[in-house]
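Let me begin by presenting the structure, written as structure tokens, before commenting on it.
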Number of protein chains: 2
Amino acid sequence: MTLADQTFALPPVAEDRAAMIRDHLRDAIVDRRLAPGTKLNEAEVGTLFDVSRTVVRAALQALAFEGLVKTERNRGAFVANPTPEEARQVFASRRLIEPGLALAAAQRITSGEVAAFRERLHHESELLHQRGPTARRAEIHASGDFHLLLAKVAGNAILLRFMEELVARSSLVIALYGRSGASSCGHGDHGNILAALEQRDGELAGRLLLTHIDHIEADLDLRNTSNLALRDALVTDAHRLP
Amino acid sequence: MTLADQTFALPPVAEDRAAMIRDHLRDAIVDRRLAPGTKLNEAEVGTLFDVSRTVVRAALQALAFEGLVKTERNRGAFVANPTPEEARQVFASRRLIEPGLALAAAQRITSGEVAAFRERLHHESELLHQRGPTARRAEIHASGDFHLLLAKVAGNAILLRFMEELVARSSLVIALYGRSGASSCGHGDHGNILAALEQRDGELAGRLLLTHIDHIEADLDLRNTSNLALRDALVTDAHRLP
DNA sequence: CGCGCCGAAATTGTATGCAATCTTGTCTTG
DNA sequence: CAAGACAAGATTGCATACAATTTCGGCGCG
């Protein structure tokens, strides 16, 4: 009845504020609205979302666990600034996990899920044709969503969570080390992968995923740390060493 | 000098209290001193470790991220009570990840690391011959450490963290669904795996790992939920459903 | 002019207090 | 006697206050 509807309609807005702040911050980081190295002041974030520092700390702790934020004792939380080595490890992990997801997904995928994939691909290709930073952000976001959808279809909640973390961190890595701003997913790889899944050829989908990850990583400039590390040090924590 | 020694000797005790409490609780859960479903009262844990609830909450939140603790809003934190489905997903994830770790580890393993493995295996076999619950706990712990060492040798920090979570959750699963208390690792599988790594045969090590995981999972009783779920419900949260 | 020291301001770490919610035992009522 | 209502107690969610630490500007000194 209307009563029951109202009791459900009112509270969902204020359901869990720490989770809400965490999600907003994560979106901002993944969309590159918050640059790597940016300091996340507890009080500032708190006033921004109109909550106390207690709640902000919970959100920041969650993001730290996901690897999107790095906290240093008595110094605060910063948007993560992955090193080239960490970047390689992110992609190595994805190369290990995603073919397995493809195998599982190919067996389980339903026609409804295929439709959902198609819709996402369509959205993605539309974004590719647009210009401007907003479209770029949305494109990176949508590209990640493709891989998350793959993980969802595979049906393993634990691996899905791992992939959520890996996709988010990939976005950070691309932000830091991406050469061209755009070529991350312009190859149409996603379409081919979906086609393989549709034919329930998980092996093929896995192979395509590997070359797809190769494409992404090939666009990165992970050349050795010296100059980049210097820049990192200057940007983020120049005043730290003893 | 003695001064430097003291400045290092004093603070490490009180370095980060939330992390310390988290580690203590995790050990207790993994060692089965805290049964699945046990309520972790914030005030109680706080007085136990002589800290405020603030610190306890941080520790519990961290454990919730790792999947060892489940929190319910306004109801508190409980030692996780994985369902058979979750248990299957834990092992499916390990089957996907560990052969990849073996491949990397076989390439990178050093003689020093081989020695560390041997020492651990020796420790493990000693525990196997002992009786009593303390030895059982230590044995489960040691068995997990073998897999964590493998992940360390593989050299990927992200996958190492994933494995830490998976190993800990495996321990919970074995506690809940293990048939015999002991057969989890009595097959000597670990020795064979190490031998393969030593010969840098990562493929073989990976295959051995898969059969090893099969052995562990074969000792579980994951038959479908009905009666087990009932028991879970009775034990842990009988008063929750509407 | 550079360099290190010192103190105020800012920021984080932790404890505590209060409001909201859930739990539990009792009592009423059919 | 069973079932539901209700109130007291216990517990969590959150905000705030205070202590500990770091940061940063200025000052004196080589």
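Reminder, nothing fancy here: chain letters follow the sequence lines and each chain counts from 1.
- The phosphate of D:dT23 (OP1 or OP2) has no side-chain N or O of A:Lys39 nearer than 4.0 angstrom.
- With hydrogens and angles disregarded, a donor-acceptor distance shorter than 3.5 Å links the side chain of A:Gln89 to the backbone of B:Ala157.
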### Task
Give the C-alpha distance, both sets of side-chain angles, the deciding distance and a yes or no for salt bridge (charged side-chain N to carboxylate O under 4.0 Å, His left out) between B:Glu139 and B:Arg136.
CA-CA 5 Å; B:Glu139 179 195 339; B:Arg136 274 296 104 69; 2.9 Å; yes

#### Entry: Derivation and outcome, side chain to side chain contact (heavy atoms under 4.5 Å, CB included), residues A:Leu166 and B:Phe162
CA-CA 11 Å; A:Leu166 290 172; B:Phe162 289 172; 4.1 Å; yes

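- Here the side chain of A:Asn74 is nearest to one of D:dT21, D:dT11, D:dG13, namely D:dT21.
- Rounded to an integer number of Å, the gap from A:Ile21 CD1 to D:dC14 P is 9 Å.
- The overall bend of the helix from C:dC1-D:dG30 to C:dG30-D:dC1, read as the angle between its terminal helix axes built from five base pairs each, is 10° when rounded to 10 degrees.
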### Query
Yes or no on side chain to side chain contact (heavy atoms under 4.5 Å, CB included) for B:Val69 and B:Leu25, after CA distance, side-chain angles and deciding distance?
CA-CA 10 Å; B:Val69 154; B:Leu25 286 176; over 6 Å; no

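- Separating the CD atom of B:Gln61 from the C1' atom of D:dG13 is a distance of 12 Å, rounded to the nearest angstrom.
- Checking the phosphate oxygens (OP1, OP2) of D:dT12, no side-chain nitrogen or oxygen of B:Arg73 falls inside 4.0 Å.
- Applying the ring pair (Phe, Tyr, Trp, His ring centres under 6.0 Å) rule to pairs touching residues 55-77 of chain A yields A:Phe65-B:Phe65, sequence neighbours excluded.
- Contact between the side-chain N/O atoms of B:Arg75 and the OP1/OP2 oxygens of D:dT11 is not found at any separation under 4.0 Å.
- Rounded to whole angstrom, the span from the CG atom of B:Asn41 across to the C1' atom of D:dG9 amounts to 13 Å.
- Taking the ring pair (Phe, Tyr, Trp, His ring centres under 6.0 Å) definition, one finds that A:His123 meets it with nothing, sequence neighbours left out.
- Atom CD of B:Glu42 and atom C1' of D:dA10 are 12 Å apart (whole Å).
- If you take CZ of B:Arg57 and P of C:dA15, they are 14 Å apart, rounded to a whole angstrom.
- Taking atom CD of A:Glu72 as the reference point, atom P of C:dT11 lies 16 Å away to the nearest angstrom.
- Formation of a donor-acceptor pair under 3.5 Å by the B:Arg108 side chain with backbone atoms of B:Val153 is found in this model.
- Residues meeting the side-chain hydrogen bond (donor to acceptor under 3.5 Å, both in side chains) test with B:Arg137, sequence neighbours left out: none.
- Annotation: ring pair (Phe, Tyr, Trp, His ring centres under 6.0 Å) contacts of B:Phe146 (sequence neighbours excluded): B:Phe117, B:His190.
- Annotation: proximity of residues 44-55 of chain B to DNA chain C (heavy atom, distance under 4.0 Å) is found for B:Val51, B:Ser52, B:Arg53, B:Thr54, B:Val55, numbered in ascending order.
- Straight-line distance from the CG atom of B:Asp16 to the P atom of C:dG13: 9 Å, rounded to whole Å.
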